[in-house]
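Just below is one structure, and these are the notes that go with it.
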Amino acid sequence: MAADLGADNQAFDEKHDVLKSTQTVIHKALEKLGYPEEVYELLKEPIRMLTVKIPVRMDDGSVKIFTGYRAQHNDAVGPTKGGIRFHPNVSEKEVKALSIWMTLKCGIVNLPYGGGKGGIICDPREMSFRELEALSRGYVRAISQIVGPTKDIPAPDVFTNSQIMAWMMDEYSRIDEFNSPGFITGKPLVLGGSHGRETATAKGVTICIREAAKKRGINLEGARVVVQGFGNAGSFLSKFMHDAGAKVIGISDAYGALYDPNGLDIDYLLDRRDSFGTVTKLFDNTISNKELLELDCDILVPAAIENQITEENAHNIRAQIVVEAANGPTTLEATQILTDRGILLVPDVLASAGGVTVSYFEWVQNNQGYYWTEEEIDEKLEKVLVQSFENVYNTSETRRVDMRLAAYMVGVRKSAEASRFRGWI
Ligand code: GLU
């Protein structure tokens, strides 16, 4: 799950500082809700941030020291929750912003959690299975004091998967001296994973696309969809859109993009993608990620990494609806431009909340030791996402704000209220 090779190799994007822009919207949302400044002072940064060094013996015999982070934004509502990202561009600021977004997601879909997030600066595409296992276990040992099934519950994110969750769960269970499936979500089914977790983010995005299309009178049957990124969210989403009768005319990975105005053969591409979502290398006639984003289409879904739609290309976006499956793909300037142009933007903190919703179902199943069927999960997820979409959409209509600000207003309220009831502010 990654975007342009250029973007992929960049260090933290100082110009589009995701932490600063998140803080700007949090501030606006709290102001609109009538909260005093000290609430913002509490919520503008994580309450806890741990930086760790993880030594790993590499296959060539050398020892490499990796840097990792775990941010816990606010635990007034309940334990913190959020994924762990393995990526060369991971930074302290990014992890902090991502933890705030997790608070917002949990607030929007009304889960009993605050937001957390972790990350390790590494490139898993260049590491062996053994090295990845050592890194995953080392990270858990390093953060074990601040995480746990009732403290902070990790999950997969960019370039991490159910195998990595399994190693992490095993390591934590050894430290804890108990089998602790509720320590982490996104596990394989045999280790207490949940049906529907792997496809949950894409299913949530699909529900948001369907609801947004209804609002704009767009028929999904035959609608032209462009998806940036072919990782967990992007690949399953392309499949669901294709199966719903939409025409997926463009997809991309970290190395380029594919375009066919008649619709791509999604099943073939899914079959050929590698575990990091790379598929375009197999083709000669590719276009760039930049060209992909500016294709004439009905629905555009950025499902890769941050800062892909900026003030530089927002004027050229030709979709009627933009649904953010990635975290932070659109800058604030670009949000304003798209809104002014009448494009409906469904923000990340709502559109990508399906993943954490089914993670919550997984954790509940682990805690009670009783497991649900895929149909039960689907039904519950559908209900939660439809209700959350309506709630954010109605807030945006009644308060006359764009959907991003509306989502922040809905999302931040619970942590603000819980912090107040606890007597923290
Ligand atoms: N990493 C995912 C996200 O950004 C899922 C988090 C979770 O399941 O806890 O929403």
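Numbering of ligands and ligand atoms starts at 1, following listing order. Residue numbers count from 1 along this sequence.
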Residues Asp170 and Arg137 bridged, charged N to O under 4.0 Å | yes

Is there a donor-acceptor contact under 3.5 Å from the side chain of Arg273 to the main chain of Phe230?
-> yes

Using distance alone, decide if ligand 1 has a nitrogen or oxygen within less than 3.5 Å of any nitrogen or oxygen in Pro156.
-> yes

Got Lys239 and Asp243 here, is their nearest side-chain heavy-atom distance under 4.5 Å?
-> yes

Using a 4.0 Å heavy-atom cut-off, say whether Lys117 meets ligand 1 through its side chain, its backbone, both or neither.
-> side chain

How about Arg400: does its CZ atom have over 12 heavy atoms from other parts shown lying under 6.0 Å from it?
-> no

Counting heavy atoms under 4.0 Å, the part of Arg197 that contacts ligand 1 is side chain

For atom 9 (O) of ligand 1, what is the nearest protein heavy atom, given as residue, atom name and distance?
-> Lys81 NZ, 2.8 Å

Taking only Lys NZ, Arg NE, NH1 and NH2, and the carboxylate oxygens of Asp or Glu, determine whether Glu38 and Arg420 approach each other closer than 4.0 Å.
-> no

For ligand 1, which atoms sit closer than 4.0 Å to a heavy atom of Gly83?
-> 1 (N), 6 (C)

shortest atom 10 (O) of ligand 1-to-protein heavy-atom contact is with Lys105 NZ, 2.8 Å

Using a 4.0 Å heavy-atom threshold (strictly under), name the region of Asn327 that reaches ligand 1: side chain, backbone, both or neither.
-> side chain

